[in-house]
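Notes to accompany the following structure.
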Amino acid sequence: MPELPEVETVTRALSRIVRRSKVKSVEIYRTDLRWKVPDDLKETLENDIFEEPFRRGKYILIPTEKGNILLIHLGMSGQIKIKDSIPTLLKHDHIRIIIENKTNHIFSITYNDPRRFGYVDYLNKVDIKKHFLLKNIGVEPFSEDLTKNYLHNIFKKKITNIKNALLDQKIIAGIGNIYASEILFKAKIKPHRNVNSLKSKDLELIIKSTKEILKKSIKKGGTTIKDHKQPDGKLGYFKQDLAVYGKENKKCIGCNNLIEVSIISNRSTFFCDYCQK
DNA sequence: ACACGCTCCTGAACGC
DNA sequence: TGCGTTCAGGAGCGTG
């Protein structure tokens with residue numbers, strides 16, 4: 001599923017229930033995710049108390065009172081399910097955390113991931129800049145650090161196209177294959193353009209489009225193509241707002257020409273050859 | 001140091 | 001209906 005808006009949606013849903021809740025039990029059914037889930041995850045988290053969850057790139061981070069942070073990555077097919085009960089386990093439910101909130105209500109948080117490209121880990125709060133998955137992550141799209149100057153300094157040293165650059169988590173955190181196409185359509189820039197051909201005005205449009213597209217998608221609960229569900233089971237409704245992703249041979253909303261698809265670094269990339277320059 | 005394929009895995013959709 | 005093939009929203013790793 002998940003790019004920034006989907007991960008943000010899940011993080012917000014978690015925020016509503018985990019804050020100041022006590023971890024009653026951690027049930028681990030599979031440890032062979034993208035990397036091996038640490039053996040001491042269970043004993044580390046149990047009896048600790050969750051604080052306010054937050055997101056970094058496509059990672060969900062939940063700090064605890066004892067000074068740790070639970071890290072969840074959803075990979076391609078991961079889902080978080082929140083229930084006010086402890087339901088029967090379903091296929092691909094790999095990890096389940098039972099919590100109790102301040103008013104003694106029990107909730108279950110279940111990590112389900114058919115393809116197991118995702119990951120669950122914990123780290124110490126002081127190591128947040130050192131963890132191997134977090135240390136090289138670039139700026140947050142909504143941060144003030146995402147500026148023309150920032151992009152210009154990176155792009156002048158690069159030989160790649162803007163589509164690949166948007167997918168590169170070391171530059172901007174959180175953009176994936178769907179939103180890369182959508183952002184470039186909105187910015188009217190062809191995905192194949194080399195980054196060092198981009199002018200100041202182009203960078204400005206890319207930054208503006210990035211913020212707008214991601215913000216709007218979060219508002220709609222993300223995009224459900226296949227897997228993504230919000231933790232309460234609801235779908236994400238940004239799909240109906242997609243302008244180019246998955247629209248091959250459909251009319252462009254800007255000019256009525258047909259949307260094209262080309263494979264860039266093995267990923268489908270959708271664009272309008274007329275609107276995007 | 002960088003850019004680019006390859007790869008991990010399951011399931012759904014498609015073609016014959 | 002059944003079977004084989006292709007494709008999927010991520011991203012680290014090995015290679016050149």
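None of the values given here were measured: they were computed from a predicted structure. Chain letters run A, B, ... following the sequence lines, proteins first, then strands; residues in each count from 1. All heavy atoms count here, side chains included; hydrogens, waters and symmetry mates do not.
Although no hydrogens or angles enter the test, the distance criterion places a donor-acceptor pair under 3.5 Å between the side chain of A:K42 and the main chain of A:V26. Listed for the A:S77 side chain is a donor-acceptor partner under 3.5 Å among the backbone atoms of A:R115.
Classification of A:R20 and A:E65 as a salt-bridged pair fails, no side-chain N sitting under 4.0 Å from a carboxylate O. Look at A:E140 and A:R56 and you find a salt bridge, because one of the NZ, NE, NH1 or NH2 atoms lies within 4.0 Å of a carboxylate O, short of that distance. Ion pair A:E100/A:K22 not flagged as a salt bridge, since none of the NZ, NE, NH1 or NH2 atoms sits closer than 4.0 Å to an Asp/Glu carboxylate oxygen.
To the nearest whole angstrom, the two P atoms, one in B:dG5 and one in C:dC7, are 16 Å apart. Taking atom P in both B:dC6 and C:dT6, one finds a spacing of 15 Å when rounded to whole Å. The same atom, P, is picked in B:dG11 and in C:dG12; the two are 25 Å apart, to the nearest Å. Rounded to the nearest Å, the gap between the P atom of C:dG14 and that of B:dC9 is 16 Å.
Counting to the nearest Å, the P atom of C:dG10 and the OH atom of A:Y179 are 10 Å from each other. Look at CD1 on A:I171: it is 11 Å from P on B:dC2, rounded to the nearest Å. Rounded to a whole Å, the NE2 atom of A:H192 is 18 Å from the P atom of B:dA3. Summarising the geometry, the separation between CD1 on A:I264 and C1' on B:dG5 is reported as 15 Å, rounded to the nearest angstrom. As rounded to whole Å, 14 Å separates atom C1' of C:dG10 from atom CG of A:L71. As a whole-Å value, the separation of A:N196 CG from B:dC2 P is 15 Å. Look at CD1 on A:I172: it is 17 Å from C1' on C:dA11, rounded to the nearest Å. The CZ-P distance, from A:F132 to C:dG12, rounds to 8 Å in whole Å.
Applying the side chain to side chain contact (heavy atoms under 4.5 Å, CB included) test between A:L70 and each of A:D48, A:D121, A:L41 identifies A:L41 as the sole match.
Ring planes of A:Y111 and A:H94: tilted class, angle from 30 to 60°.
Between A:F117 and A:H73, the distance from one ring center to the other does not fall under 6.0 angstrom.
Remark: C:dT15 base-pairs with B:dA3. Criterion, Watson-Crick or G-U wobble with two distances under 3.5 Å.
Contacts of residues 154-170 of chain A with DNA chain C (heavy atom under 4.0 Å): A:Q169.
A:Y245 comes within contact range of the sugar-phosphate backbone alone, with a heavy-atom separation under 4.0 Å but no base atom that close. A:Y59 comes within 4.0 angstrom of sugar-phosphate atoms only, judged by non-hydrogen atoms across all strands, and of no base.
The local environment of NZ in A:K66 is crowded, with over 12 non-hydrogen atoms from other residues, nucleotides or ligands closer than 6.0 Å. Atom CD of A:Q240 has more than 12 neighbouring heavy atoms from other residues, nucleotides or ligands inside a 6.0 Å radius.
Distances shown here put a side-chain N or O of A:H73 below 4.0 Å from the OP1 or OP2 atom of C:dA11.
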>> Using a 4.0 Å heavy-atom cut-off to protein, can you give one letter per nucleotide of nucleotides 6-13 of chain B, 5' to 3': B if the base is in contact, S if only the sugar-phosphate is, - if neither?
In response: --BBBB--
